Chemist: 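The structure that follows is given in the form of structure tokens.
Order of the sequence lines fixes the chain letters, A, B, ..., with proteins taken first and strands second; residue numbering starts at 1 for each chain. Computed from a predicted model, the values in this text were never measured in an experiment.
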Amino acid sequence: MIDLELLRKEPARVEENLGRRRNPEYLRLLSEAREKDAAWRACLLEADGLRRKRNELGRAIAGARTRGDPSETLDAEAKSIPQSMKEVEAREAQLLAARDALLLRIPNLLDDSVPFGKDDSENVVVATWGEAVAGAPGLKPHGEILEALGMAEFDRAHRSSGSGFYYLKGPIVLVDFALQRFALDLLIERGFTPVVPPYMLRRAPYEGVTDLADFENVMYKVEGEDLYLIATSEHPLAALYRGEILDEDRLPIRLAGVSTNFRKEIGGHGVDQKGVFRVHQFQKVEQFVFCRPEQSAAFHEELRTNAEEVFRRLKVPYRVVNVCTGDVGTVAAKKYDIEAWFPRQKAYREVVSCSNCTDYQSRRLGIRMGKAGRTGKVVPHTLNSTAVATSRALAVILEQYQRPDGSVQLPEVLRPYLGGLRELTPVAAS
RNA sequence: GCUGAGGUAGCCUAGCCCGGCAAGGCGCCAGCCUUGAGAGCUGGUGGCGGCAACGCCACGGGAGUUCGAAUCUCCCCCUCAGCGCCA
């Protein structure tokens, strides 16, 4: 949620910023929210006046009765108030609810450094690492390799659970866990506290962390319960301190979330329909930070550096893009994507998303910061970034490290976590 | 799932039976005192609206009764404890 005070004081600035998202709907929401706010304030004044009168009369009646001198005139006058109050108070509540509902649908304000553009084709490359070398002609898609190795069941998973699901079997499971542990150790070394969060959240906290449209498009809802399966551990981590005042002396808070993530909508189908690149369920180690407002730009770079380090150590070439205004999403003020080089597809594809959400999530979640024992009005900033999503990392490793004979070498950096396993070779079919 | 106890300001608590301006403590801030810190003493302390004077609001949420609800009635939510079930 954007800052209401800012909207009142500098509406032109807010409007200009929202305009950069090139969606006229947002400007409409904005002007409507301003109208409702003004109407609400006028209505509040009116209601306050009535309440004042009621309180004064109430006190007069109580006083008269204490003196043993009840007044019928006062009683009669007091009786006439509730009727008019009912109407005004209903209008006031309705205006406030309408304003807040509008505010919840307005996206975050964009950072000035976000490039202007219509969609992901206009994202701006800000860094590249490693050499993007096209793979040999015989390279197989990662899903085919997994099946050939006997380490995945796609057809059976599609029958048991539907498309977008998979069984991983055998040594590839160890690689999945190794990736998570490798990323987690790297983050712990850099001051992050590992966290296994709830994999389901109630609706109210969930509305604090995400775009309302996600509820229909992205999230799985548990039938008969007020619970949603998490789409990323970012969400329960953001909700961890909902409604609390963070002690500013204990900021920043660096958390490393480890979870399975569930997503209903998984995007278009392409070359790698069979595989783990786009799936309804995957493991991820996530970076999350609560910090002072003035620090968030620096932390955004820190999270990006950590994520880059994961892929450098895996020796997977990548590039970093500054995601443009049309592609940045509702919650983020600025977002970097890291795109790994897939040598068979001869393309860079997204493996990491790294966002500075500024005060948007904190404000929706009612999180403030302050000194111990005092109430804070300052709203802390939140940031999140993938460290590693194993589905995507496995996909790129299976392409990058594939050998002509169909076996797959494993990244050296994972060896401490693999108990002597150095390569993937076919296992007996079952 | 059953039974019980609860939800009051940044935190902890009283008030509820019996309706009439929400009391106290901790913490925090300021002043006094002190070589300094602490202690002690005094005052202050949340949100919203308003240029301001000031007003209103705030007792989990909603509805009702009433001139007036933390307090009475109804519905709902959440937390904790015990029991049950369970990897």
Chemist: Taking any strand in view, what nucleotide pairs with A87(B) in a Watson-Crick or G-U wobble way, both distances under 3.5 Å?
Modeler: none
Chemist: Quantified in whole Å, what is the P atom distance between nucleotide U73(B) and nucleotide G20(B)?
Modeler: 15 Å
Chemist: Can you tell me, in whole Å, how much space there is between the C1' of C48(B) and that of A63(B)?
Modeler: 24 Å
Chemist: Roughly how many Å is it from CZ in R242(A) to P in C78(B), rounded to a whole number?
Modeler: 12 Å
Chemist: Could you let me know what U73(B) is paired to, Watson-Crick or G-U wobble, both distances under 3.5 Å, or none if it's on its own?
Modeler: A63(B)
Chemist: Counting any heavy atom closer than 4.0 Å, what does R202(A) reach on the DNA or RNA strands: base, sugar-phosphate only, or nothing?
Modeler: sugar-phosphate
Chemist: Do you know which of V289(A), N384(A), L255(A) makes side chain to side chain contact (heavy atoms under 4.5 Å, CB included) with L237(A)?
Modeler: L255(A)
Chemist: Considering the options L7(A), L27(A), V14(A), L18(A), which one meets the side chain to side chain contact (heavy atoms under 4.5 Å, CB included) requirement together with I106(A)?
Modeler: L18(A)
Chemist: Taking pairing as Watson-Crick or G-U wobble with both contacts under 3.5 Å, can you name the mate of C57(B), or confirm there isn't one?
Modeler: G46(B)
Chemist: Once you round it to whole Å, what is the distance between P of C28(B) and CD1 of I245(A)?
Modeler: 15 Å
Chemist: Cation over ring, R349(A) on F277(A), under 6.0 Å and within 45°?
Modeler: yes
Chemist: Please check if atom NZ in K334(A) has more than 12 non-hydrogen atoms from other residues, nucleotides or ligands closer than 6.0 Å.
Modeler: yes
Chemist: Under 3.5 Å, is there a donor-acceptor pair between the H235(A) and Y228(A) side chains?
Modeler: no
Chemist: Rounded to the nearest angstrom, tell me the gap between atom CG in D249(A) and atom P in G10(B).
Modeler: 19 Å
Chemist: Tell me which nucleotide, if any, is Watson-Crick or G-U wobble paired with U3(B) when both distances must be under 3.5 Å.
Modeler: A81(B)
Chemist: Could you tell me how far apart E5(A) (CD) and C48(B) (P) are, to the nearest whole angstrom?
Modeler: 8 Å
Chemist: Taking only the side-chain heavy atoms of L44(A) (C-beta and beyond), determine which of G50(B), C57(B), C48(B) contains the nearest atom.
Modeler: C48(B)
Chemist: Could you let me know what A9(B) is paired to, Watson-Crick or G-U wobble, both distances under 3.5 Å, or none if it's on its own?
Modeler: none
Chemist: Using the C1' atoms only, state how far G38(B) lies from C17(B), rounded to an integer number of Å.
Modeler: 45 Å
Chemist: Could you tell me how far G1(B) sits from U13(B) if I compare only their P atoms? Round to whole Å.
Modeler: 28 Å
Chemist: Distance check needed: C48(B) C1' versus D3(A) CG, whole Å only.
Modeler: 15 Å
Chemist: Identify, between G49(A) and R99(A), the residue whose nearest nucleotide on RNA chain B lies closer to the 5' end.
Modeler: R99(A)
Chemist: Roughly how far apart, to the nearest Å, are A37(B) and C56(B) at atom P?
Modeler: 42 Å
Chemist: Would you measure the distance from the C1' atom in G4(B) across to the matching atom in C57(B) and give it in whole Å?
Modeler: 34 Å
Chemist: Taking A87(B) as the reference, what is the distance to A5(B) when you measure between their C1' atoms (whole Å, please)?
Modeler: 30 Å
Chemist: Round to the nearest Å and state the distance from E92(A) atom CD to A58(B) atom P.
Modeler: 11 Å
Chemist: Salt bridge or not for R159(A) and D155(A), using N-O below 4.0 Å?
Modeler: no
Chemist: Using Watson-Crick or G-U wobble geometry with both distances below 3.5 Å, tell me the partner of C33(B), or none.
Modeler: none
Chemist: Could you measure between the two P atoms, the one in A14(B) and the one in G60(B), and give it in whole Å?
Modeler: 13 Å
Chemist: For D100(A) and G47(B), what is the distance between atoms CG and P respectively, to the nearest whole Å?
Modeler: 17 Å
Chemist: Calculate, to the nearest 0.5 Å, the distance between atoms CG and CE belonging to D247(A) and M369(A) respectively.
Modeler: 9.5 Å
Chemist: Across all strands shown, which nucleotide pairs with C17(B) by Watson-Crick or G-U wobble geometry, both distances under 3.5 Å?
Modeler: none
Chemist: Does the side chain of R54(A) get closer than 4.0 angstrom to OP1 or OP2 of C57(B) through an N or O atom?
Modeler: yes
Chemist: Any side-chain N or O of R41(A) below 4.0 angstrom from OP1/OP2 of G50(B)?
Modeler: yes
Chemist: Is there a Watson-Crick or G-U wobble partner for A22(B) with both distances under 3.5 Å, and which nucleotide is it?
Modeler: none
Chemist: Expressed in angstrom and rounded to an integer, what is the separation of L45(A) atom CG from A53(B) atom P?
Modeler: 15 Å
